[in-house]
Participant: 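Mind looking over this structure? Questions follow.
In what follows, chains are A, B, ... by sequence order, proteins preceding strands, each numbered from 1.
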Number of protein chains: 2
Amino acid sequence: MLELRLVQGSLLKKVMESLKDLVNDANFDCSATGFSLQAMDSSHVALVALLLRSEGFEHYRCDRNISMGMKLENLTKILKCAGNDDIITIKGDDGGDTVTFMFESPSQDKIADFEMKLMDIDSEHLGIPDAEYQAIVRMPSAEFARICKDLSSIGDTVVISVTKEGVKFSTKGDIGTANIVCRQNTTVDKPEEATVIEMQEPVSLTFALRYMNSFTKATPLSNTVTISLSSELPVVVEYKIAEMGYIRFYLAPKIEEDEDDTKPQV
Amino acid sequence: MLELRLVQGSLLKKVMESLKDLVNDANFDCSATGFSLQAMDSSHVALVALLLRSEGFEHYRCDRNISMGMKLENLTKILKCAGNDDIITIKGDDGGDTVTFMFESPSQDKIADFEMKLMDIDSEHLGIPDAEYQAIVRMPSAEFARICKDLSSIGDTVVISVTKEGVKFSTKGDIGTANIVCRQNTTVDKPEEATVIEMQEPVSLTFALRYMNSFTKATPLSNTVTISLSSELPVVVEYKIAEMGYIRFYLAPKIEEDEDDTKPQV
DNA sequence: ATGTTAACAG
DNA sequence: CTGTTAACAT
């Protein structure tokens, strides 16, 4: 028996908007800890991990661990039927092959329920080790999204270079090159406008912009984004979900072709 | 001689937006009573009836009954040329084969007139008997439109089931099932937000969502919609046009395949 | 031509 | 937050 009640239903809608470009089908895992998902993108290059902790739900009952395979396109269709301020309840039976979504309008005058068939989905649930990162950048999520979008009109890859002064996003394409530098800046009115760099040592890594732009679909979930970088490790792009958890995207760096310098140089 | 002056010209524009998805050509009938239209949709499944009573016009002169056949696409093109607060005058000559639309801007600074050729259109003008309905539901038109749109992302047909507690809209599709229940609710701030059920006996009927979604194009004409249901009778979906009349859509229920229960169960 | 989505105004 | 509009993609 599974019953999760989420007052802020729009949050689930936003989560799906963040995922659906990247992932086609995925298993949602419920346990006493919370509601989580881990999935590779359809081309098996990027990985996404979602956690919504049980404490963030108004009501959370999960008698035994359960994994529910869903086609995200169908789930998105159903969530589109929920109003932005509807209360969403997710119900499942142990061993059942369906999941039920219930949407209650704030006035309680309209109650909708949608039953969706579950699917069997192979998933290798990778253990993601906690790692030390050479550099962690926290910045406004909208600014990061804008940078990725702007750079992708010039080139296909972005070089992210961190020094303790700031972070530089660079690209190169047929029409020329682009460099966008964000200086560390903690003296802002609101903490979410800050750009903060925690750096052990300078790092410079290259990533495909196509994936970065998919990751930024999660921008509505958080005002800030955290980018954790280490040589030899996948970058982690994390959007915290207030009171509940996070959505994290992992992407391996491109092997540098070394046609020019790869030294960090902000 | 025919001359109809309608101060609220936007109303005619909205009426055309409501009709044009459903009907290609139709006869507009003018009599002392008013300006009316009755037409089958292009696939001869649904029927639409429009009435704009003469009292709703600022000036209404109709010396003898006249039927004017128009291609709604052309009429729509012409009405697009009218401003939303223009005063619209419709003029025709007895036995003439054209109709003239005149648009006056509120400031009287701009006066446009458009003459359109009439067409001969076969039309079987069906007498629509007044019937007693087993159940009549009145609800906010926007809510009904939202429900039809949401359900059509899941399935092709909707089962409308009425009990005295409320009305249930259900569908079934490849990805699962959906049920949306609207409780009777008359204790709202504004009367147009109420959901009111007048029921003689419970009723449950199935309709094609495609047509329902066409009907809801009339939503801008009224804050509320009335749905009248009886077994064996076409459903009537009515949008009242303030001070003037109504637009009514008729659609025969689908014969239930009885693969599962058809009992009303809200 | 149509449907969907992103941005903006009320 | 809903409604509208504009741009976009199909």
Participant: Using atom CG of Asp85(A) as one end and atom P of dT2(D) as the other, report the distance to the nearest whole Å.
Facilitator: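 About 5 Å, once rounded to whole Å.
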Participant: Side chains of Leu22(B) and Ser42(B), heavy atoms from C-beta outward: is any pair under 4.5 Å?
Facilitator: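 Side chain of Leu22(B) against side chain of Ser42(B), heavy atoms only: no contact under 4.5 Å found.
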Participant: From CD of Glu73(B) over to P of dT2(C), roughly how many Å is that when rounded to an integer?
Facilitator: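 In whole Å, dT2(C) P and Glu73(B) CD are 9 Å from each other.
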Participant: Is it true that the side chains of Asn185(B) and Thr187(B) contain a donor and an acceptor less than 3.5 Å apart?
Facilitator: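 Yes, a side-chain donor-acceptor pair sits under 3.5 Å.
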Participant: Rounded to whole angstrom units, what separation is found between the CD atom of Glu143(B) and the C1' atom of dG3(D)?
Facilitator: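 Glu143(B) atom CD is separated from dG3(D) atom C1' by 17 Å.
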Participant: Do Val225(A) and Thr216(A) pass the side chain to side chain contact (heavy atoms under 4.5 Å, CB included) test, and can you show the C-alpha distance, the side-chain angles, and the key distance before you say yes or no?
Facilitator: CA-CA 9 Å; Val225(A) 62; Thr216(A) 62; over 6 Å; no
Participant: Quick one: Lys149(B) NZ to dT2(D) C1', roughly how many Å, whole number?
Facilitator: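 Those two atoms, NZ and C1', are 12 Å apart.
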Participant: Quickly work out the Asp21(A) CG to dA9(D) C1' distance and round it to whole Å.
Facilitator: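 The answer, rounded to whole Å, is 14 Å.
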Participant: Counting only heavy atoms not in Glu58(A), do more than 12 sit closer than 6.0 Å to its CD atom?
Facilitator: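 Yes.
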Participant: I need the NZ-P distance between Lys14(A) and dC1(D), as an integer number of Å.
Facilitator: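 Checked: the NZ to P distance equals 8 Å.
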Participant: Check the distance between dT2(C)'s P and Lys20(B)'s NZ and give it to me in whole angstrom.
Facilitator: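 After rounding, the reported distance stands at 8 Å.
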Participant: For Lys80(A) and dA6(C), give me the distance from atom NZ to atom P, rounded to whole Å.
Facilitator: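 Between P of dA6(C) and NZ of Lys80(A): 9 Å.
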